[in-house]
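To keep things clear, I will list the structure first and then write my remarks on it.
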Amino acid sequence: MLAQRLTDRQREVLVTAYRSGYFQRPRERTGAEVAAQLGISPSTFSQHLRAAQRKLLCALFEEDSPAGGHRIDVE
């Protein structure tokens with residue numbers, strides 16, 4: 001499962017951002033607002049979010065990824 005690649009904190013930040021509308025266009029909440037909701041600084045929010053995104057994207061794009069059939073070819 002892809003979510004198992006994330007730390008508990010990365011998963012919490014990613015889920016909170018998603019459920020708060022951070023990824024909507026236009027955004028329903030800013031990064032600073034989501035960070036405040038989590039009780040962390042905006043820079044810490046950004047670090048956790050980027051780390052989580054990087055891990056999930058690596059799982060999708062890497063050849064020998066444990067994501068198996070979920071891998072996306074990028075030729």
Side-chain angles (χ1 to χ4, degrees):
M1 177 182 247
L2 289 176
Q4 292 174 335
R5 293 179 141 241
L6 306 177
T7 66
D8 290 342
R9 191 60 163 167
Q10 289 167 350
R11 191 181 308 71
E12 178 186 18
V13 168
L14 188 63
V15 168
T16 301
Y18 179 78
R19 290 184 178 160
S20 297
Y22 177 78
F23 294 106
Q24 296 298 318
R25 289 289 181 232
R27 283 195 169 128
E28 295 175 10
R29 298 280 184 280
T30 66
E33 291 170 326
V34 179
Q37 181 180 346
L38 290 163
I40 59 178
S41 71
S43 62
T44 300
F45 166 76
S46 180
Q47 290 171 355
H48 286 305
L49 188 62
R50 285 189 176 275
Q53 290 172 323
R54 182 178 55 251
K55 286 180 181 180
L56 295 177
L57 290 171
C58 284
L60 289 173
F61 295 127
E62 288 179 354
E63 293 261 343
D64 53 353
S65 166
H70 299 280
R71 190 177 149 293
I72 297 173
D73 290 324
V74 289
E75 295 179 22

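Please read all numbers here as calculations on a predicted model, not as lab measurements. All values below were derived from every heavy atom in this structure, side-chain atoms included, with hydrogens, water molecules and symmetry-related copies excluded.
Distance check: Glu12 CD to Leu38 CG gives 5.5 Å after rounding to the nearest 0.5 Å. The distance from the OG1 atom of Thr16 to the CZ atom of Arg29 is 12.0 Å, given to the nearest 0.5 Å. From Leu14, atom CG reaches atom CZ of Arg50 across 13.5 Å, with rounding to the nearest 0.5 Å. Between the NZ atom in Lys55 and the CZ atom in Arg11 there is a gap of 9.5 Å [rounded to 0.5 Å]. With rounding to the nearest 0.5 Å, the separation of CD in Gln47 from CD1 in Ile40 is 9.0 Å.
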Practice task
Test side-chain contact (heavy atoms from CB on, under 4.5 Å) on Gln10 and Thr7 and set out the steps.
Solution key: CA-CA 5 Å; Gln10 289 167 350; Thr7 66; 3.1 Å; yes
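The closest side-chain donor-acceptor pair between Ser20 and Gln37 falls under 3.5 angstrom. Judged purely by distance below 3.5 Å, without hydrogens or angles, the side chains of Ser41 and Thr44 pair a donor atom with an acceptor atom.
Within 6.0 Å of the CZ atom in Arg19, the count of heavy atoms belonging to other residues, nucleotides or ligands does not exceed 12.
Looking only at side-chain heavy atoms (C-beta outward), Val34 and Val13 stay at 4.5 Å or farther from each other. Two residues are said to be in side-chain contact when any heavy atoms from C-beta on lie closer than 4.5 Å; Tyr22 and Leu49 meet this criterion.
Of all non-hydrogen atoms in Ala17 and Phe23, the two that sit nearest each other are CB-CE1, 3.8 Å.
No continuous path of ILVMFWY side-chain contacts below 4.5 Å connects Val15 to Leu56, so the two sit in separate hydrophobic clusters.
Remark: side-chain polar atoms of Glu33 are paired, donor with acceptor, to backbone N or O of Thr30 under 3.5 angstrom.
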